[in-house]
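Structure first, then comments.
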Amino acid sequence: MAQAVKFDRYGEIDVLKVVEVPEPVAGAGQVVVGVVAAGINPGETKIRTGWLHDRWPATFPSGQGSDFAGRVVAVGPGVSGIAVGDEVVGFSEERSSHATHVVVPVEQVAPKPAGLSWDVAGSLFVAGTTAYAAARSVSPEAGDTIAVSGAAGGVGSLVVQLLRDRGVTVLGIAGPGNHEWLRSVGAIPVAYGEGLAERLRAAAPDGIDAFIDTYGDGYVALAIDLGVKPERIDTIIDFPAVEKYGVKVEGNANANTIDVVSELADLAATGALEVPIAATYPLAEVRAAFTELEAGHTHGKIVLHP
């Protein structure tokens, strides 16, 4: 038997449980992976609580999790290029990676670079592809000044680095405890809270060219007030603002390919992309992991170890 995180109704953290399930079997074109590391993401909280029911409804009993890295333990008929024992990075589109084993189409895994840690490898899909798409969506060019909300979080920390690689001046909006890290990756830290608009104007006296919102809570409206054009604003979370202001909403769904995951894995393996790991938890402590995540202001990724 395998183990997996499940919930059988919408609710708070206490609906999560780890249960025994049959070990998955690889069908045609599929592989079964023994999961070593699986990142958790804020979107999983929103699905579990029903906040995204209209967009991504849950079918009960529901599993959860998209990110994972591990070792291939079985391959199905027709699989080539991947063998039992291979170390891989990958993703599930079935909300099933928070488990000891996951079965996915072979097209959703790729070799894990030898120099990449398991925790980083298991954290790349949702945050990495979301950051990749968000950074690309605002058409960054060398010399631009771009503000990023939630700049030290799982997605924001990657957005900042991808923009800096393009020669962009990045204004990283985050709490004071994360300012040193933002400076270390070449960003200009700006404290969130009352007076933020004035601080942003002071940091960018010639104006802000684009804005990427990874946090919600009014940042799109702030960007509009600062004079940023709607076509150069992207939010990954504030869906009402997309309707109101006509800004972009490009994220994971716009870059969720194994090629993008592989590119990010290679960048991380060579040190060109830092993926901060905030904490790790055994699978059995999934509730504690989400308690930390939902407290907010986490710097980087939280990872489960099945």
Side-chain angles (χ1 to χ4, degrees), residues 33-44 65-72 82 86-92 97-98 102 104 107-137 140 148 150-168 170 172 174 178 180-187 212 214 236 251-252 254-281 289 293 298-306:
V33 177
V35 179
V36 175
I40 70 173
N41 297 282
E44 288 144 9
S66 301
D67 302 31
F68 70 85
R71 298 181 180 88
V72 176
I82 295 288
D86 285 356
E87 298 182 351
V88 295
V89 298
F91 62 92
S92 166
S97 72
H98 294 170
V102 62
V104 295
E107 294 84 5
Q108 290 173 208
V109 297
K112 182 181 82 70
L116 189 62
S117 76
W118 283 111
D119 288 342
V120 171
S123 302
L124 284 175
F125 175 62
V126 171
T129 59
T130 301
Y132 189 99
R136 182 179 60 189
S137 74
V148 180
V155 174
S157 60
L158 303 183
V159 169
V160 167
Q161 295 175 78
L162 293 172
L163 291 175
R164 286 294 298 142
D165 286 345
R166 302 277 191 97
V168 168
V170 178
N178 290 311
E180 182 178 350
W181 180 84
L182 285 166
R183 292 188 189 96
S184 76
V185 295
I212 295 175
T214 75
I236 66 170
N252 168 260
N254 302 95
N256 60 347
T257 70
I258 198 62
D259 289 341
V260 171
V261 175
S262 293
E263 181 179 342
L264 294 167
D266 288 339
L267 288 171
T270 60
L273 183 68
E274 180 185 346
V275 182
I277 302 299
T280 62
Y281 290 85
L293 178 74
T298 300
H299 173 46
K301 297 292 299 181
I302 298 175
V303 183
L304 296 175
H305 285 170

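Minimum heavy-atom separation, Ser92 to Val102: CB-CG2, 4.2 Å. For the pair Gly65 and Glu44, the tightest heavy-atom approach, listed with the atom from each and the gap, is CA-OE2, 3.6 Å. Of all heavy-atom pairs between Ile302 and Ala278, the closest is CG1-CB, 4.3 Å. Contact record, Leu182 with Gly172: CD1-O, 3.7 Å, taken as the closest heavy-atom pair. Contact between Ala289 and Ile40 at its shortest, heavy atoms only, is O-CD1, 3.6 Å. Heavy atoms only, all atoms of each residue included: Asp67 and Leu124 are closest at OD2-N, 3.7 Å.
In this structure, Ser123 and Ile277 have side chains that are in contact, with non-hydrogen atoms separated by less than 4.5 Å. In this structure the side chain of Ile212 reaches within 4.5 angstrom of the side chain of Leu163, judged on heavy atoms. Within the 4.5 Å cutoff, no side-chain heavy atoms of Val104 are placed close to those of Phe91. With contacts defined as side-chain heavy-atom distances shorter than 4.5 Å, the pair Arg136/Asn254 qualifies.
Judged as a side-chain hydrogen bond (donor to acceptor under 3.5 Å, both in side chains), the pairs with a partner in residues 124-135 (not counting sequence neighbours) are, in order, Thr129-Asn252, Tyr132-Glu263. The side-chain hydrogen bond (donor to acceptor under 3.5 Å, both in side chains) pairs that include a residue from residues 268-281 are Trp181-Glu274, Tyr281-Glu292, where partners are two or more places apart or lie in different chains. Sorted by first then second residue, the side-chain hydrogen bond (donor to acceptor under 3.5 Å, both in side chains) pairs that include residues 108-120, not counting sequence neighbours, are Asp119-His305.
Of the possible donor and acceptor atoms, none in the side chain of Arg183 sits under 3.5 Å from a partner among the backbone N and O of Ala187.
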Notebook entry, point to check: Yes or no on side chain to side chain contact (heavy atoms under 4.5 Å, CB included) for Ile258 and Glu107, after CA distance, side-chain angles and deciding distance?
Noted result: CA-CA 7 Å; Ile258 198 62; Glu107 294 84 5; 5.7 Å; no

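For the atom pair CG of Leu273 and CD of Gln161, the computed distance is 5.0 Å after rounding to the nearest 0.5 Å.
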